[in-house]
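The model shown is predicted, which means the values in this text are computed figures rather than measured ones. Atoms within each ligand, like the ligands themselves, are counted from 1 in listed order.
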Amino acid sequence: MFTQRPSFRYIATGALVSLFTLTFLIIGTGTPRELSSKYILKAPSRPCPASSFSGNQSWDFVVERDGNNHGLSEDQCRTAFPKLYNELDKSSALRADRHFTYKEFDSRTVDDGMVRGIIDRGELYIVDYAPMPATATRARATLNSLYRALTAFPDRHLLPSIEFTFTTEDFAGDPNGSGPVWAYSKRDSDVSVWLMPDFGYWAWPEVQIGPYHEVRRRIAAIDDGEFQGDGTYVPGLQFQEKKKQLVWRGSLATNPPVRAKLLKSALDHSWASVRVIDWDNENDIRFNLLPIEDHCRYMFLAHAEGRSFSGRGKYLLNCRSVVISHALEWREAHHAALVSSGPDANYVEVDRDFADLPRKMEYLIDNPEVAERIANNAVRTFRDRYLTPAAESCYWRQLVRQYAAACDFEPVLFSTTRDGKTQPRGVPYDTWLLMH
Ligand SMILES: *[C@@H]1O[C@H](CO)[C@@H](O)[C@H](O)[C@H]1NC(C)=O
Ligand SMILES: *[C@@H]1O[C@H](CO)[C@@H](O)[C@H](O)[C@H]1NC(C)=O
């Protein structure tokens, strides 16, 4: 075996050399004029068929078993997360009669922070990867998440083929442009934007937040207890034992109108632990940073939008605590499961200017059983259902399906130049990720 290795390596090197030669030839011929089109028109499609699904009585989602399963079937996803695709349904409805054409798709330029790709029979290709001056980890996190949702799904070859563009900025520029774009968050009025899961489902190193499943484990350890390495059990923190305070740590700069109002409303109240972090000041971070899981040691968690959505929201909703948020303008997929009143309430909504915050805080402190019920509903709805890694991957694949149904074209992976050469339009993600 050993003696054969060098010759294998030699063959592999030889193959690489010829691959480079081929690449050089293609690039070397100047800009090849293309003969064939970059897409084909699809037969007129019926409305997205999945919306008629009525559930599968013989299977139910069990978070301990299924929560980290990235490969649930389409039916299982629908059974487990009936509200998860609300934003996709809204986007689909806008384009039910007037599908996106390739020309419209192609009209959106791939500016800084954007990625253009193809999914061809379940395989991911990168067509264009713009400079990422501030969002390189987001772009790679998102591509890895999408890739995971595809590779975990045994039937991925049956997914429709698409060409797509996404932005890794906080929001999409030109949200009403003629070409569709995927983004982490959107407002109801952003008609060309399709919602995708945010980078935090992979990891968010800039604010020292690790892999999502790891954060979830640390959060659940605080609320439910955990076995230590030596076999001793550290019990969880009961809701009524948590600090009876509203906690918030964040930057004011990203959204002064909303966040300054939170500070003002909380000022001088003994129930408030609200502090500003200057992310550019190391000392400030050291003194004021609260690891995300330690937020769960407080009974009440304030949530405020930043430049658009606040990436922290989904971690807070993983806690057995009461999230208190102003009325939200920027949507994320799991928002469809938010309930602010009645016995199923799973968070508390306050005015956008936080004027009613003191009154609502006093009510919750005086009625701890109400607060605890809201916290338990949040765990059941979000931590153990809509915010599981399983839900994230279900959402990705449904995005692929519904976006495909809204496009009248299917991408072609190879284009042929005038001199008969076939040229790949994208780099397979499997090799792309080794080079970036
Ligand atoms: C329901 O789900 C189970 C388990 O995934 C599967 O075996 C069964 O075929 C499904 N039934 C229907 C009617 O889809
Ligand atoms: C996009 O269009 C909607 C209505 O079609 C409008 O309400 C909204 O203000 C527009 N957004 C921008 C950023 O122009």
>> Check this for me: Arg121, atom CZ, are more than 12 non-hydrogen atoms of other residues, nucleotides or ligands nearer than 6.0 Å?
In response: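 For Arg121, atom CZ is not crowded (no more than 12 foreign heavy atoms under 6.0 Å).
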> Does CZ in Arg98 sit with more than 12 non-hydrogen atoms of other residues, nucleotides or ligands closer than 6.0 Å?
Replying inline: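 Open: at most 12 neighbouring heavy atoms sit under 6.0 Å from CZ of Arg98.
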>> Assess, by modelled atom type and distance only, whether the side chains of Glu214 and Tyr212 contain a donor and an acceptor separated by less than 3.5 Å.
In response: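 The answer is no; no qualifying pair exists.
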Give a table of atom pairs where an N or O of ligand 2 lies under 3.5 Å from a protein N or O.
unit_1   : atom_1 : unit_2 : atom_2 : d
ligand 2 : 2 (O)  : Asn176 : ND2    : 2.3
ligand 2 : 11 (N) : Asn176 : ND2    : 3.0

>> If we check side chain to side chain donor-acceptor pair (under 3.5 Å) with Ser273, which of these qualifies: Gln245, Arg249, Lys243?
In response: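 Per the side chain to side chain donor-acceptor pair (under 3.5 Å) rule, the option paired with Ser273 is Arg249, out of Gln245, Arg249, Lys243.
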>> Checking Tyr184 now: which residues fulfil ring-ring contact (aromatic ring centres under 6.0 Å, His included) with it, not counting sequence neighbours?
In response: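 Listed in chain order: Phe199.
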> With ring centroids as reference points, do Tyr429 and Tyr125 lie under 6.0 angstrom apart?
Replying inline: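 No, ring centres 6.0 Å or more apart.
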